[in-house]
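Heads up: numbering here begins at 1 and tracks the sequence. Predicted, not measured: the structure shown is a model, and the values here were computed from it.
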Amino acid sequence: MNDFIKTMNTLVEVLQSLDVVLNQEQTLLCAGRVNGIALQTITEQKSSLLTTVDYLDGQRRQHDKRLKQNAPYSRQPEIARQWKLVVEISERLSRMNKHNGLLINKQLDYNTQALAVLSANNTQNFYGPNGQTKSLGQSVRKISI
């Protein structure tokens, strides 16, 4: 039973850490200019924490089988309190993650529009491998006499 309580306590702690990371992500996404490196770091932290949550939830399920019990654990008040926290935090994280997803999609739309504007205005000539100006995909060689 003590292992089960430790698992539940750890699960709550990891979910609280995930809450902090999602708040950091939201702050970064609302900042106007998104720092790609910082966003990548946050994404890696989220992924790691979610893997840990998945592992701990698997441990919880094993304890459930072994002790022949199920959530919401009404026969064990301490575990029931932890489970209630897990559910509350998980619901909040789900809402926050959906909101962050909307912010990311908005940023992607903005970037796509910016690239379209830049591509439309890009009439610059490029040089081919022979050092000559390329025009519409074909090399143009200028000869002077």
Side-chain angles (χ1 to χ4, degrees), residues 1-140:
M1 183 62 79
N2 284 338
D3 286 344
F4 191 37
I5 292 170
K6 286 179 186 176
T7 298
M8 293 300 288
N9 286 336
T10 305
L11 182 57
V12 168
E13 290 170 8
V14 171
L15 288 171
Q16 289 169 335
S17 296
L18 187 57
D19 188 34
V20 170
V21 170
L22 283 175
N23 276 311
Q24 291 171 343
E25 180 182 51
Q26 190 172 66
T27 300
L28 183 65
L29 292 170
C30 290
R33 293 191 101 176
V34 176
N35 179 337
I37 294 170
L39 188 59
Q40 177 65 31
T41 301
I42 286 172
T43 300
E44 290 168 3
Q45 290 172 346
K46 265 179 32 176
S47 180
S48 175
L49 288 168
L50 287 170
T51 299
T52 304
V53 167
D54 187 51
Y55 170 78
L56 292 169
D57 190 54
Q59 293 294 319
R60 178 191 65 81
R61 291 174 191 268
Q62 286 179 5
H63 289 298
D64 281 352
K65 272 186 180 178
R66 187 172 43 82
L67 299 171
K68 295 180 174 84
Q69 63 185 9
N70 290 309
Y73 310 108
S74 55
R75 292 181 290 167
Q76 292 96 11
E78 185 176 354
I79 296 172
R81 281 191 299 277
Q82 292 298 84
W83 179 251
K84 185 178 177 192
L85 273 173
V86 166
V87 171
E88 289 171 359
I89 295 169
S90 296
E91 288 172 349
R92 184 173 66 245
L93 292 175
S94 177
R95 287 189 304 272
M96 194 181 312
N97 196 49
K98 285 178 186 173
H99 183 255
N100 289 358
L102 292 172
L103 291 172
I104 288 170
N105 284 333
K106 196 68 159 168
Q107 188 66 39
L108 285 172
D109 289 344
Y110 173 76
N111 289 348
T112 302
Q113 290 171 6
L115 285 172
V117 168
L118 292 172
S119 295
N121 292 332
N122 190 2
T123 57
Q124 178 182 4
N125 290 331
F126 292 99
Y127 295 97
N130 63 357
Q132 300 298 314
T133 305
K134 280 187 153 189
S135 175
L136 299 175
Q138 296 181 356
S139 287
V140 177

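Looking at Val86 and Trp83, their side chains come closer than 4.5 Å, going by heavy atoms from C-beta outward. Counting heavy atoms from C-beta outward, Leu29 and Leu39 have side chains that approach closer than 4.5 Å. The closest side-chain heavy-atom distance from Val87 to Glu91 is below 4.5 Å. Within the 4.5 Å cutoff, no side-chain heavy atoms of Gln59 are placed close to those of Asp3.
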Full working for side-chain contact (heavy atoms from CB on, under 4.5 Å) between Arg92 and Ile89: CA-CA 5 Å; Arg92 184 173 66 245; Ile89 295 169; 3.8 Å; yes
Evaluate Glu25 against Ile104 for side-chain contact (heavy atoms from CB on, under 4.5 Å), listing each step before the verdict. CA-CA 10 Å; Glu25 180 182 51; Ile104 288 170; 4.0 Å; yes
Evaluate side-chain contact (heavy atoms from CB on, under 4.5 Å) for Gln76 paired with Phe4, printing each intermediate quantity in order. CA-CA 11 Å; Gln76 292 96 11; Phe4 191 37; 5.6 Å; no
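Once rounded to the nearest 0.5 Å, the distance linking OG1 of Thr10 with CD1 of Ile5 reads 11.5 Å. Atom CD in Gln16 sits 7.0 Å away from atom CD in Glu13 (nearest 0.5 Å). Summarising the geometry, atom CG belonging to Asn97 is positioned 10.5 Å from atom CD belonging to Gln26; distances are rounded to the nearest 0.5 Å. Put simply, CG on Asn70 and NZ on Lys65 are 11.0 Å apart, with the number rounded to the nearest 0.5 Å. Rounded to the nearest 0.5 Å, atoms CD (Gln62) and CG (Asp57) are 10.5 Å apart. Taking CG of Asp54 as the start and CG of Leu49 as the end, the distance is 12.5 Å to the nearest 0.5 Å.
Ile42 approaches Leu28 most closely through the heavy-atom pair CD1-CD2, 4.0 Å. When all heavy atoms of Leu22 and Asn100 are compared, the closest pair comes out as O-ND2, 3.2 Å. Taking each heavy atom of Asp19 and Leu93 in turn, the nearest pair found is CA-CD2, 3.4 Å. Pairing each heavy atom of Ala71 with each of Asp64, the nearest pair is N-OD2, 4.4 Å.
Here Gln113 pairs with nothing under the side chain to side chain contact (heavy atoms under 4.5 Å, CB included) rule; sequence neighbours left out. Listed by chain and residue number, nothing satisfies the side chain to side chain donor-acceptor pair (under 3.5 Å) test with Gln45 (two or more places apart in sequence, or in another chain). In terms of the side chain to side chain contact (heavy atoms under 4.5 Å, CB included) criterion, residue partners of Glu44 (sequence neighbours excluded) are, by chain and number, Gln40.
When the shell of 6.0 Å around CG of Leu108 is examined, it contains more than 12 heavy atoms from other residues, nucleotides or ligands. Within 6.0 Å of atom CZ in Arg33, 12 or fewer heavy atoms from other residues, nucleotides or ligands are found, so the atom counts as exposed in its surroundings.
With hydrogens and angles ignored, the 3.5 Å screen pairs no side-chain donor or acceptor of Ser94 with any backbone N or O of Ser90.
Side-chain N/O atoms of Arg60 and His63 include no donor and acceptor closer than 3.5 Å.
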